[in-house]
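Numbered from 1 within each chain, the chains take letters A, B, ... in sequence-line order.
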Amino acid sequence: HVVRKFLSLISSHNIPVYLIDPLILGLVDKDIEQIRSSPGGPSPECKYFCAPRDFTTFALLDKTWKPEMGLFRTAEKMGFQWLKIINKDPRLDGMDDLSGIEIPLHYIFKLASHAIHLVVFYERSGNYLWHGPLRLKQHMDRKFVPFRKLHFGRYPGAYEKPELLLVSIDDLKVQIPKNPSSFLQEMSHSRFLECRYREARAFFQLYPDDASLDAVEFRKKAKSLLHLAALTLNNLGVKFWLSSGTCLGWYRQCNVIPHSKDVDLGVFIRDYKADIIPAFKKAGLPLKHKFGKVEDSLELSFQGEDDVKLDIFFFYEEDDHIWNGGTQAKSGKKFKYLFPKFTLCWTEFVELKVHVPCETLQYVEANYGPDWKVPVKTWDWKSSPSNVQYNGVWPVDEWDDVIQIY
Amino acid sequence: MDEWKPNLATKPHKKRSWYLAWKYKLMNQRALRKLCQTGAVLFLLVTVIVNIKLILDTRRAAYEEEEESAQDYDDEMLNVEVPRHPVNNKKVLDVEVYSSRSKVYVAVDGTTVLEDEAREQGRGIHVIVLNQATGHVMAKRVFDTYSPHEDEAMVLFLNMIARGRILIFTVKDEGSFHLKDTAKNVLKSLGSQVAPFLSWRDMWTFVGKKGGEVYGEKHAKSPALSTWGDPILLKTEVHLTSVEDAECHWPDTELNRRRKRFCSKVEGYGSVCSCKDPTPIEFNPDPLKDNKVFNVPVAVIAGNRPNYLYRMLRSLLSAQGVNPQMITVFIDGYYEEPMDVVELFGLSGIQHTPISIKNARVSQHYKASLTATFNLFPDAKFAVVLEEDLDISVDFFSFLSQSIHLLEEDESLYCISAWNDQGYEHTAEDPSLLYRVETMPGLGWVLRKSLYKDELEPKWPTPEKLWDWDMWMRMPEQRKGRECIIPDISRSYHFGIVGLNMNGYFHEAYFKKHKFNTVPNVQLKNVESLRKDTYETEIHRLLGEAEVLDHSKNPCEDSFVPDTEGKVYVMFIKMEQEADFTTWTQLAKCLHIWDLDVRGNHKGLWRLFRKKNHFLVVGVPASPYSSKKPSSVTPIYMEPPAKEEGAVAMPAVPAAEQT
């Protein structure tokens, strides 16, 4: 039916789309072994594409095609009505004063009561794919399709580049992600936040950027340290996010804060793995100190190149808040930093796809108070944060375990 | 928005102090008049506050409007229809043309489309081309026909205009001194009665249709050599034709739709808009086998020279192995016509708001373009950087495809450039030969992403530093001893003259006689020998086989090099230390090659061709190759010219740098 027509349209124009429809992929995933092993065999019934729904969603990689009017003319001749959603190119959003840059983000082809939603994916710095949000401009037909029911477009999303597989389902040859279940898993956590470039520019108007050689050097080191840390943690499958000063740098100025001296990451304690320390050592980042223990206030610091330090804070979830701990080495004093609950979103930072708390403002405000927009050069981690609480003292007999300095 | 808050917070405070003052003043009987004043000031203050709030609110509203809520797909924005300008159905245009010594203007239906009263600028004949159906301005030029050769450019331009277009001419200051007969005849053929007799400081205006009727002409003769003709104002009417008549009837294809859009908007591009036999806008050159640069992005840096851009893109799109999908044209400013050219060829273009002035503006434009390029093509390890005033050799991509792996593997390399600063008609010979040089030529080059991202971008000169980007890149702090690979025969040709940093004489002297490769599919030889260490072996081999020239002869004389072909010769010049280029500069001058600064050197060695022989110049004793000098040979020393001459030559140096 409509899907068949669409696929013939697409293939007649040599446009390499792949299926990302969650409903169909969900069905396909159940029979994935069978589908993989029997390419091209005729199937008796229409099992997948005929499942009742309003849309079928396909993806298209931007760099594999060029939008030409011919495609849309043919579509119209075949009876399709179509809608294009364009918006600013986020890859150029971080830059001053460029214009002329709007890119297609979504296409919808409608025939009778069914519609094809074609999501355009763009490659971005950090080796990942991005799709944009679906926002209607004022002159657009709001009733073209029930937009709210679309599976893609409520938020922008970030994905790994998928491996594709050509399969034949319901007698239709179509490309699908090689592993549908992990794609669906990824889809549920794909929400992407763009850096606040406009606010960052306003920030730099007020506080001109430090362009000294030291600052340039530190940023370079911090960037490569972050890349190395991300690689190491991703290989271990440990989910992490930008925390403290690194998160503030992303949120406030879309860059590393040059006077911050270290790189800070957050990890949920439930994601802790004992391999973390040996893995970092292997990556050339020896443990510098370890404070606390898995049950309480764990914090790891690794020594990067030339005095740049990597701090990993472990976060403990409570019913109504999340916290991480701090320890003063010489006194054994404990501190607790409280945050409102948050979820994780993807973002791009120094050419890396990383997580940040989706509720970034609350996170940053909890840590740095309402004046987080004003740069502060002297920062005392024991007293400056607005969410710090004194949390007692480690018992002296535990010190050897909870205060390890190398 | 938040930075406004502190301001707002202070206002109530201020009010209270005014209130206290008022209370105090009331007790003072004599202060009644002052009370009135205070009241007025208070009123003013309130008005100001209300206004500020109003401004803030509108701003916030505008801000929020852009910040689309993530929750809502169909957020209720006002469903206002954008008002369309009513289509002007008027069939007649009122045209006013003014000509005088210090000012010219042209108004079409009351809208000024040309106004020039700047001093010491815009001298000569101004030409405006209107679309005969819509009345839109399609081209605007000025030809300084007081100066030589400008009339030839005007003839060229007028010949390229399609029949039927409306042409408007007006003279500012002087337009006859170098207006030769050919040009006068062309003007006559357009219907002008005055043009053939136009003379010194006459004022003249003319409106006519190309190949058709004359709508008006006025002329004011200059009474004497020392004075100008009186200002004249020509008012006339032009009858518009139908759009159908104004357009060509090409077959309806994707390409022709682009062509039609372009040709109904701009003029002066010749046969691309010819109805009968339009020149192609798609070229489909042969693909390259094993093309290593197919996925390398190409950034074309452009300003407002659309005719140059047109020529440049034609040659780029005709080069074998080009991948149009990877090309982005970056236009410095909101100029429409360059964008029209970009769209004609179906390429993507980005406009960039100018930042800063002069050379710093170019420099900021470069930075924005390079950053955007690597953002748009995150996978790219390299970018090809081109400028709008270059012709691109047919084997440009083949040349890069064969050499790019060196840039990837050899960390001692800074760039690959298509341009040999010393590659003139008489000094370049071998299209398959490459060199390593310590200078960065630019003019069509490849930049490594890591170099840009890790080193250049973070410390790129800021807008207030009025630096040339290329001079900055050549500084030792940036180059760090690394070298560029260049071909003996350039793969680009610098045709630009009307640039920021160029004047006609300069271009004539230094660029016109540059050699440019036109041979397709040149197989480069010995590419591996361009690596850091193997190159030294190669140089030693060359010097070993080179015949030492007769150092008693004058190196400027043609007879210095024997009448042979295919031999290798070496000469030794005096070079006291690494930065002593006294003799080299004099030698370069007499050989008529680039002498404005030092280019093309590698460890005190220059390589070029003379009379089809490879010609090596070694600076002694600074060059490590000095050891090859036979003890009997005394290095040649050439005296720099007397001071005055130097002073004349020097101002050209800064001007040379957009190269």
Side-chain angles (χ1 to χ4, degrees), chain A residues 63-66 68-70 73 87 89-101 103 122-128 133-140 142-143 146-150 153-156 191 198-199 202 205-206 208-209 211-213 215-217 219-220 223-224 348 351 373, chain B residues 1-3 63 65-82 253-254 257 295 324-326 328-331 334 339 342 346 348-355 364-365 367-369 371-372 374-379 449 453-455 457-463 477:
Chain A
K63 71 167 185 183
T64 58
W65 80 312
K66 206 175 173 214
E68 288 201 333
M69 282 317 287
R73 296 194 157 200
N87 216 324
D89 188 338
R91 296 168 300 179
L92 301 175
D93 226 22
M95 305 182 53
D96 281 330
D97 314 307
L98 292 187
S99 70
I101 280 309
I103 50 174
Y122 290 84
E123 272 183 33
R124 294 189 49 176
S125 304
N127 199 30
Y128 67 101
L134 195 156
R135 299 288 174 270
L136 298 175
K137 299 253 161 86
Q138 33 176 296
H139 59 274
M140 284 179 176
R142 264 141 230 286
K143 304 226 159 54
F147 287 102
R148 283 171 188 279
K149 289 190 190 161
L150 291 173
R154 173 172 288 269
Y155 302 114
R191 185 179 165 195
R198 191 170 18 182
E199 288 82 356
Q205 299 251 307
L206 275 177
D209 199 12
S212 67
L213 264 183
V216 169
E217 271 305 296
R219 278 188 169 144
K220 194 173 152 188
K223 177 179 166 183
S224 70
E348 182 183 311
E351 293 175 69
K373 282 190 178 176
Chain B
M1 287 300 103
D2 284 287
E3 52 267 41
Y63 186 81
E65 210 166 21
E66 282 175 62
E67 198 79 341
E68 294 131 313
S69 137
Q71 297 298 330
D72 253 336
Y73 282 102
D74 36 15
D75 42 10
E76 279 310 314
M77 281 198 269
L78 286 176
N79 233 333
V80 196
E81 272 287 287
V82 183
T253 63
E254 190 111 15
R257 251 172 272 146
N295 288 317
Q325 292 249 59
M326 300 305 284
T328 315
V329 181
F330 293 93
I331 300 162
Y334 293 104
M339 205 56 163
V342 171
S348 53
I350 295 178
Q351 289 162 318
H352 176 221
T353 314
I355 304 171
Q364 292 308 305
H365 182 51
K367 183 185 181 190
S369 307
T371 301
F374 288 121
N375 283 356
L376 290 173
F377 300 95
D379 280 352
K449 180 180 181 176
K453 280 280 163 190
D454 298 343
E455 301 182 41
E457 187 187 36
K459 53 177 183 175
W460 197 272
T462 46
E477 295 89 317

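Looking at A/Lys63, the atoms closer than 4.5 Å to chain B (heavy atoms on both sides) sit in the backbone and in the side chain alike. For B/Phe374, the part sitting under 4.5 Å from any heavy atom of chain A is the backbone (N, CA, C, O) and nothing else. When heavy atoms are compared at a cutoff of 4.5 Å, A/Arg219 does not approach chain B at all. With a 4.5 angstrom heavy-atom cutoff, A/Asn127 touches chain B only via side-chain atoms.
Side-chain polar atoms of A/Glu348 and A/Tyr128 form a donor-acceptor pair below 3.5 angstrom.
Classified by interplanar angle (parallel below 30°, tilted 30° to 60°, perpendicular above 60°), the ring pair B/Phe330/B/His365 is perpendicular.
With salt bridges taken as basic N to acidic carboxylate O contacts below 4.0 Å, one links A/Glu351 and B/Lys449.
Contact count against chain A (heavy-atom pairs under 4.5 Å) is highest for B/Lys453 among B/Met326, B/Lys459, B/Lys453. Here B/Leu376 is the residue among B/Asp454, B/Thr371, B/Leu376, B/Thr462 with the most heavy-atom pairs under 4.5 Å with chain A.
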Please lay out, stage by stage, how A/Arg154 and A/Leu134 fare under the test side chain to side chain contact (heavy atoms under 4.5 Å, CB included). CA-CA 6 Å; A/Arg154 173 172 288 269; A/Leu134 195 156; over 6 Å; no
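The closest side-chain heavy-atom distance from B/Thr328 to B/Ile350 is below 4.5 Å.
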